[in-house]
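A short worksheet on the structure shown next.
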Amino acid sequence: MKIARSSALLFLIFLSACGQASEDRLAGPVEISGDAIIEPLNGKQGDPVRGEQIFTSREAGHCVLCHQVARLDAEFQGNVGPVLTGIGARLSVGQIRYRIVDAQGIWPDTVMPSYYRTGGLRQVDHEYQGAPALSAQQIEDIVAFLELQTN
Amino acid sequence: MRRAYLLALILTGCSENHERIAEQSQISSADLRSGYEFLQPETQALQDDAFANPGYLWVDKGKALFNQSPEHGEPACSSCHSDDSRPVSKAAAHYPAIDEQSGKLVNLESRINLCRERYQGLAPLEYESDDLLGLTAYLSHLAQGEPVSVTIDGQARKYYDAGEDYFFLRKGQFNLACSQCHNEHWGDKLRGDTISQGHGNAFPAYRMEWQTFGSLHRRLRDCDSGIRAEPLEYGSETYTAVELYLAKRAEGLAMESPGVRR
């Protein structure tokens with residue numbers, strides 16, 4: 001009896017401490033199924049040509065900071081993250097989407113940023129507060145580009 | 001038992017709201033390497049050549065300031081710090097350190113400013129001004145080759161702990177900690193840069209990206225901005241504490257200032 005009560009109390013603490021953080025962790029409503037996000041963000045349609053540009057551009061996604069993709073026109077691609085050549089054959093579209101949206105939700109200690117995350121962050125530069133690093137449209141564009149990287 | 005289990009659940013349940021990264025990675029002393037070793041040979045050559053290394057412009061300026069009486073006849077730095085009375089030749093290798101008078105942690109820049117205020121009756125120099133960079137560069141260069149070694153006992157301890165905290169704290173829009181790049185990924189390529197272990201032994205340094213000479217705090221501001229974290233003020237207590245943590249972490253590496261970096 002006593003044990004049960006204290007467990008219930010602890011459970012409440014658990015909810016209040018963590019509930020909010022997960023609720024507004026991401027910039028918009030997203031349904032996670034297993035390790036994938038099946039539905040396109042905000043129902044947006046991705047464009048692979050724009051996606052490639054966002055993937056390489058320093059001002060946008062700048063994924064080449066850490067990742068290489070063979071045949072991509074960008075010099076000095078980084079190697080902090082795995083090579084993404086052929087990623088479209090290895091992962092489903094939904095898996096790719098979830099990895100860009102919230103890599104830190106999948107691998108809590110990873111260096112890969114969560115590009116669609118806005119909540120539970122600290123000391124965010126005022127220029128970037130309240131907005132995700134990439135918009136729903138930009139993420140869908142990158143997804144469309146990576147989906148085509150099948151060999 | 002049950003309680004402990006539930007507590008663990010609470011902790012892991014909340015861990016998506018990461019404050020620190022879960023495992024505190026370290027660099028073993030056998031692996032300790034200066035940022036110099038990760039530079040292109042041309043950049044190393046530039047640092048090594050005292051005639052070509054632009055940092056020596058600041059060293060020379062600092063040397064002149066150190067030996068010169070300020071405008072209204074106040075004593076020059078050198079009048080107190082002759083070689084035998086209060087030698088400053090290796091001092092830079094042992095900063096930041098506790099200022100006995102205030103009990104606060106000061107780095108070399110703040111020590112120079114305290115001497116100006118206390119013994120020369122002058123206003124402090126602005127952080128990143130050529131004069132303060134020059135004096136800092138001159139003193140650091142006198143300690144060139146000296147192994148970094150700092151005290152973290154007594155009053156310094158709480159600063160060391162605060163510096164360590166900041167180093168392992170995830171922050172910014174990208175939610176990264178210093179340790180994730182400099183402990184876990186040194187040697188890897190971040191685009192054109194090879195990530196080093198993030199030591200401060202070459203600072204103040206000439207950075208090509210700045211096209212000028214700058215302090216360690218300027219470098220820390222760049223790393224914070226890189227992860228889209230609000231950078232802290234120059235000379236802030238937290239950056240000074242990080243500086244102490246970095247110095248302890250780099251203990252044994254030779255002082256290199258004026259360094260040259262990309």
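Every chain is numbered from 1 and lettered A, B, ... according to where its sequence line falls, protein lines coming before strand lines.
Residue-environment remark: CD (E31(A)) stays at or below the threshold of 12 foreign heavy atoms within 6.0 Å. Crowding of E233(B) atom CD: a count of heavy atoms from other residues, nucleotides or ligands under 6.0 Å not exceeding 12. Counting heavy-atom neighbours within 6.0 Å of K248(B) NZ, excluding the residue itself, gives a total above 12. Heavy atoms of other residues, nucleotides or ligands lying less than 6.0 angstrom from CD of Q44(B) number more than 12. Enclosure of atom CD in E42(B) by more than 12 non-hydrogen atoms of other residues, nucleotides or ligands within 6.0 angstrom is indicated.
There is no contact between I227(B) and chain A, counting heavy-atom distances below 4.5 Å. For a residue to count as touching a neighbouring chain, one of its non-hydrogen atoms must lie under 4.5 Å from one of that chain's; by this rule D224(B) touches chain A with the side chain only. Within the 4.5 angstrom heavy-atom criterion, only side-chain atoms of H62(A), from C-beta onward, approach chain B.
The minimum heavy-atom distance between T110(A) and L176(B), with the atom names listed, is O-CD2, 4.2 Å. F174(B) and P113(A) make their closest contact through CD2-CB, 3.6 Å (heavy atoms, listed as atom of the first residue, atom of the second, distance). Taking every heavy atom of both residues into account, R191(B) and E75(A) meet most closely at NH2-O, 2.8 Å.
To the nearest 0.5 Å, the span separating CG on L121(A) from NZ on K171(B) amounts to 12.5 Å.
Side chains of Y166(B) and Q123(A): a donor on one and an acceptor on the other come within 3.5 Å.
Of the possible polar contacts, none joining the Q173(B) side chain to the S114(A) backbone as a donor-acceptor pair under 3.5 Å is found.
Interface with chain B: from residues 32-52 of chain A, no residue qualifies, criterion being any non-hydrogen pair under 4.5 Å. For residues 125-142 of chain A, heavy-atom neighbours of chain B at less than 4.5 Å comprise D125(A), H126(A), Y128(A), A131(A), P132(A), A133(A), sorted by residue number. Contacts of residues 79-94 of chain A with chain B at a heavy-atom distance below 4.5 Å involve N79(A), V80(A), listed in sequence order.
Residues L190(B) and C66(A) are in side-chain contact: their nearest non-hydrogen atoms beyond the backbone lie under 4.5 Å apart. Looking at heavy atoms from C-beta onward, Q104(A) lies in side-chain contact with R170(B) at the 4.5 angstrom threshold. For the pair R228(B)/V124(A), no side-chain contact is recorded, criterion being any heavy-atom separation below 4.5 Å from C-beta on.
Residue pairs meeting the ring-ring contact (aromatic ring centres under 6.0 Å, His included) criterion with at least one member in residues 217-247 of chain B, sequence neighbours excluded, are Y127(B)-H217(B), Y127(B)-Y234(B), Y160(B)-Y245(B), F167(B)-Y245(B), H217(B)-Y239(B).
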